[in-house]
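For reference, the structure is listed below as structure tokens.
Along the sequence shown, residues carry numbers from 1. Remember, it's a predicted structure, so these values are computed and weren't measured experimentally.
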Amino acid sequence: SVDNSTICGYCSVGYYTDSDGLSSCYQCSPGTYQPSSGQSGCLNCPAGKAAARYNSSTCTDCVSGYYAGSSNSRLCTACPTGTYSNTTGVSVCSVCPKGRFANITGLTRCYDCDAGRYAEFDSSSGCVVCEAGQY
């Protein structure tokens, strides 16, 4: 309550109260947010977005090269080797196609194999040297 108990206050954005008669508000936990004031709970960040801190009023899109595969994410995760993401806010990274590779995490594109090397499978994290008699 505020103003000598003549009126009740509202929880600010990023905060909530889930019971009657409370004298303060709770912070939304990381991975959740609340964009409106006066609410009784927080919302989970959707897949592809994250909220790293307490009392968030919004979730942030994962940057290119990163993803959030489920709702309620605190942090975005780097795309694993063999995958990439060239857009923001993704919930799954794209697979590098045959002939291309991603050898480190967090890439925004796949790379072509050099001449004399190949990537036979999708999701390759490197290229294999062609054997003698091949190119």
Side-chain angles (χ1 to χ4, degrees):
S1 64
V2 294
D3 194 19
N4 295 325
S5 298
T6 59
I7 60 170
C8 292
Y10 290 98
C11 294
S12 301
V13 297
Y15 293 82
Y16 73 99
T17 181
D18 58 0
S19 300
D20 294 339
L22 295 179
S23 60
S24 63
C25 300
Y26 302 115
Q27 297 180 37
C28 291
S29 299
T32 68
Y33 72 108
Q34 182 46 259
S36 304
S37 60
Q39 299 301 306
S40 60
C42 299
L43 306 168
N44 287 334
C45 290
K49 296 176 181 274
R53 62 182 180 83
Y54 284 90
N55 70 298
S56 292
S57 60
T58 61
C59 298
T60 304
D61 280 345
C62 295
V63 297
S64 297
Y66 286 75
Y67 74 103
S70 61
S71 63
N72 200 34
S73 292
R74 296 175 59 191
L75 299 170
C76 297
T77 303
C79 291
T81 58
T83 68
Y84 72 101
S85 166
N86 60 5
T87 57
T88 60
V90 300
S91 60
V92 63
C93 299
S94 300
V95 170
C96 291
K98 293 176 186 176
R100 306 195 82 204
F101 71 98
N103 60 342
I104 59 173
T105 62
L107 289 180
T108 59
R109 65 189 277 271
C110 299
Y111 295 95
D112 292 326
C113 293
D114 291 335
R117 296 176 174 266
Y118 70 99
E120 183 178 6
F121 304 105
D122 291 337
S123 298
S124 290
S125 58
C127 300
V128 178
V129 176
C130 294
E131 294 180 13
Q134 300 175 334
Y135 68 95

Interatomic spacing from [atom1] in [X] to [atom2] in [Y] - rounded to 0.5 Å:
X: S57; Y: Y33; atom1: OG; atom2: OH; value: 10.0 Å
X: T83; Y: D122; atom1: OG1; atom2: CG; value: 12.0 Å
X: L43; Y: C28; atom1: CG; atom2: SG; value: 7.5 Å
X: Y66; Y: C93; atom1: OH; atom2: SG; value: 10.5 Å
X: Y111; Y: R100; atom1: OH; atom2: CZ; value: 9.5 Å

Between F101 and C113, is any pair of side-chain heavy atoms under 4.5 Å apart? yes
Do N103 and S124 have side-chain heavy atoms sitting under 4.5 Å apart? no
At their closest point, which heavy atom of [X] faces which heavy atom of [Y], and how far apart are they?
X: Y84; Y: C110; answer: CD2-SG, 3.2 Å
X: S37; Y: V13; answer: N-CG1, 3.8 Å
X: Y15; Y: N55; answer: OH-ND2, 3.5 Å
X: N86; Y: T108; answer: CB-O, 3.3 Å
X: N72; Y: N44; answer: OD1-OD1, 3.2 Å
X: P80; Y: Y67; answer: CD-CE2, 4.2 Å

Residue pairs fulfilling salt bridge (Lys or Arg N to Asp or Glu O under 4.0 Å) with at least one residue in residues 8-35, sequence neighbours excluded: none
Okay, side chain of Q34, backbone of S36: is any donor-acceptor separation there less than 3.5 Å? yes
Is a donor on one side and an acceptor on the other found under 3.5 Å between the side chain of R74 and the backbone of P30? no
Assess whether side chain to side chain contact (heavy atoms under 4.5 Å, CB included) is satisfied between Y16 and C25, documenting all intermediate values. CA-CA 5 Å; Y16 73 99; C25 300; over 6 Å; no
In the hydrophobic clustering that connects Ile, Leu, Val, Met, Phe, Trp and Tyr at side-chain heavy-atom distances below 4.5 Å, which members other than Y10 occupy its cluster, ordered by chain and number? none
Result of checking S85, C96, S94 against C79 for side chain to side chain contact (heavy atoms under 4.5 Å, CB included): S85
Can you tell whether the side chains of D61 and K49 come within less than 4.0 Å, N to carboxylate O? yes
